[in-house]
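In what follows, a single structure is set out as structure tokens and then discussed.
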There are 2 protein chains.
Amino acid sequence: MVTESAEEYLEAIYKLGEEGQPVALSTLAECLEISSVSANEMVRKLVERKLVLYEPYKGVSLTPAGQAKALAVIRRHRLWERLLTDVLDLSWDQVHEEACRLEHATSPLVEERLAQLLGEPKTCPHGHPMPTAEGEMAVEAGCPLAELTAGQRARVLRVPEGDDALLRYLATLGLKPQVTVQVEVAAPFQGPLTVQVGEARHVLGRELASQIVVRPL
Amino acid sequence: MVTESAEEYLEAIYKLGEEGQPVALSTLAECLEISSVSANEMVRKLVERKLVLYEPYKGVSLTPAGQAKALAVIRRHRLWERLLTDVLDLSWDQVHEEACRLEHATSPLVEERLAQLLGEPKTCPHGHPMPTAEGEMAVEAGCPLAELTAGQRARVLRVPEGDDALLRYLATLGLKPQVTVQVEVAAPFQGPLTVQVGEARHVLGRELASQIVVRPL
DNA sequence: GTGTATAATTAGGCATGCCTTAAGAGGGTA
DNA sequence: TACCCTCTTAAGGCATGCCTAATTATACAC
Ligand SMILES: [Mn+2]
Ligand SMILES: [Mn+2]
Ligand SMILES: [Mn+2]
Ligand SMILES: [Mn+2]
């Protein structure tokens with residue numbers, strides 16, 4: 001077994017390493033909001049337990065065993081997020097923090113039953129993919145909304161999690177997974193995008209639009 | 001805030017103190033499966049935080065603040081037990097351990113929504129009363145099944161939690177809260193009871209029968 | 001190539017929550 | 001009253017997970 005703290009590290013290493021690059025210790029420390037000394041300490045323990053590989057000045061990466069553990073935690077996190085939104089009717093900006101605690105208190109049995117009850121959901125409420133019980137995770141390919149040109153239509157795949165205020169803002173715009181958007185104007189020089197969402201038209205900063213992943217139609 | 005460990009202590013002190021007597025340190029230690037030295041240490045911290053009162057050689061008891069915290073934890077525990085059995089379809093012998101972890105990872109918001117979803121349940125799956133959100137807990141009066149005499153009918157109020165094997169056994173007998181039982185024979189000299197449960201007839205040891213609380217009809 | 005900014009590590013500490021060993025305090029019994 | 005057993009507490013330790021300050025190692029830019 002792995003402590004709650006170690007689970008948090010594995011989860012962070014997975015997410016930061018999704019680009020394929022090993023994760024710098026300092027990046028990991030910043031992400032977890034701890035000192036790099038503490039990160040170093042824990043990473044050494046994880047190396048000992050063969051859950052991660054570490055090369056100083058290169059970074060940390062997950063072993064297959066570490067990745068399996070990380071994906072299990074992420075699966076639990078996203079299953080809880082779904083339960084909290086779909087069954088307990090919390091808003092999508094309230095669920096991350098709750099799920100971050102519940103994920104560490106979840107047995108494989110409860111994980112399985114949650115998945116059954118929810119109908120084996122394919123994503124979390126923010127559109128991020130659900131790892132399977134077997135530790136597979138298929139990331140649906142897409143592109144940032146910011147890359148679309150005027151006139152293009154697209155379906156929203158996922159939005160950034162983790163910033164509650166941003167999520168509340170996106171909710172007021174109706175910008176959530178599965179929704180269809182159409183770019184009306186893409187201002188040049190990295191200017192804002194005017195997008196139509198449902199009946200409404202909104203202006204989005206390019207920076208924000210680049211964080212929203214869509215599939216062009 | 002109070003740590004997970006402190007919550008466990010408060011919960012134990014509440015349950016052990018339900019008779020009204022202060023709880024001996026050694027009793028508390030045994031219940032929590034820790035050394036009495038460790039119990040002493042934590043109790044001193046709880047005294048400092050004005051959550052318990054402690055008199056050496058007398059025992060520990062909860063202050064109003066401590067009782068409120070204890071009841072909140074117990075409420076969360078029992079709400080999770082209900083969710084796990086009623087919504088996630090776990091059996092009643094599987095839920096205690098799961099709920100014991102989840103109870104510490106539950107915000108007031110989730111607590112409230114759980115209660116709503118479940119329809120403000122009055123008891124846990126084992127028949128034990130649900131504290132209200134305001135920190136009230138009404139224990140339905142009853143008597144041990146062992147005290148009934150031949151011919152008496154009664155409704156089961158609650159069964160002992162905490163022993164999974166016992167719970168599985170009771171499940172095979174159909175002896176669960178709300179069920180009506182009729183004593184056929186109460187053997188003298190603390191002998192076993194023959195009881196009718198639904199269509200079936202079972203013989204129960206007096207010791208076991210004394211742990212099942214019923215309301216005579 | 002060398003210097004320097006950045007990254008990593010060492011050293012030393014602190015809080016929490018548990019432990020064992022051993023000494024002290026209370027209370028019942030012979 | 002004296003003894004003994006149990007309960008409590010004191011002393012010292014250990015593991016985990018975090019910290020700061022100071023030092024060392026490295027990579028990259030010049
Ligand atoms: Mn977490
Ligand atoms: Mn999510
Ligand atoms: Mn618990
Ligand atoms: Mn129960």
Side-chain angles (χ1 to χ4, degrees), chain A residues 1-17 19-62 66 69-70 73 97 100-101 103-105, chain B residues 1-14 16-17 19 21-62 66 69-70 73 97 100-101 103-105:
Chain A
M1 249 298 288
V2 121
T3 63
E4 177 164 333
S5 194
E7 288 189 341
E8 223 62 86
Y9 277 83
L10 293 172
E11 211 179 345
I13 294 164
Y14 185 95
K15 289 187 181 170
L16 295 171
E19 317 302 301
Q21 300 299 315
V23 181
L25 210 53
S26 52
T27 310
L28 182 59
E30 192 191 6
C31 170
L32 293 169
E33 297 182 274
I34 54 169
S35 74
S36 57
V37 175
S38 301
N40 182 273
E41 202 172 23
M42 178 62 88
V43 164
R44 261 179 293 157
K45 282 179 204 159
L46 295 175
V47 167
E48 232 171 69
R49 305 187 53 177
K50 301 200 197 305
L51 296 171
V52 307
L53 301 173
Y54 176 47
E55 266 197 273
Y57 299 98
K58 289 280 164 42
V60 190
S61 55
L62 294 170
K69 284 217 174 3
V73 177
E97 192 188 330
C100 184
R101 273 177 283 114
E103 66 192 0
H104 312 290
Chain B
M1 251 297 289
V2 121
T3 64
E4 177 163 334
S5 193
E7 287 190 341
E8 222 62 87
Y9 277 83
L10 293 173
E11 212 179 344
I13 293 165
Y14 186 95
L16 295 171
E19 318 302 301
Q21 300 299 313
V23 181
L25 213 50
S26 53
T27 310
L28 182 58
E30 192 192 5
C31 171
L32 293 170
E33 296 183 276
I34 53 168
S35 75
S36 56
V37 176
S38 301
N40 181 270
E41 201 171 23
M42 177 63 87
V43 163
R44 262 178 294 156
K45 282 179 203 159
L46 295 175
V47 167
E48 233 171 68
R49 306 187 52 176
K50 302 200 194 307
L51 296 170
V52 307
L53 302 173
Y54 176 48
E55 265 199 274
Y57 300 98
K58 289 281 163 40
V60 189
S61 55
L62 295 169
K69 285 218 175 357
V73 177
E97 192 188 331
C100 185
R101 273 177 283 114
E103 66 193 359
H104 311 291

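Each chain gets a letter, A, B and so on, in the order the sequences are listed, and its residues count up from 1.
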Counting only side-chain heavy atoms from C-beta out, which of [options] sits nearest to [X]?
| X | options | value |
| --- | --- | --- |
| A/I34 | D/dC19, C/dC18, C/dA8 | D/dC19 |
| A/Y54 | D/dA21, D/dT8, C/dA8 | C/dA8 |
| A/V37 | C/dG24, C/dA8, D/dT20 | D/dT20 |
| B/M42 | D/dG17, C/dG17, D/dA25 | C/dG17 |

Mind calculating the distance between [atom1] ([X]) and [atom2] ([N]) to the nearest angstrom?
| X | N | atom1 | atom2 | answer |
| --- | --- | --- | --- | --- |
| B/L25 | C/dA25 | CG | C1' | 14 Å |
| A/E41 | C/dG12 | CD | C1' | 12 Å |
| B/K45 | C/dC18 | NZ | P | 8 Å |
| B/E30 | D/dC7 | CD | C1' | 14 Å |

Looking only at side-chain N and O atoms, does [X] come under 4.0 Å of OP1 or OP2 in [N]?
| X | N | result |
| --- | --- | --- |
| A/S26 | C/dA8 | yes |
| A/S38 | D/dG17 | no |
| B/S35 | C/dC19 | yes |
| A/S5 | D/dC18 | yes |
| B/T3 | C/dG17 | yes |
| B/Y9 | C/dC18 | yes |

Q.
Please compare A/S36 and B/A24 by the position of their nearest nucleotide in DNA chain D and report the one closer to 5'.
A. B/A24
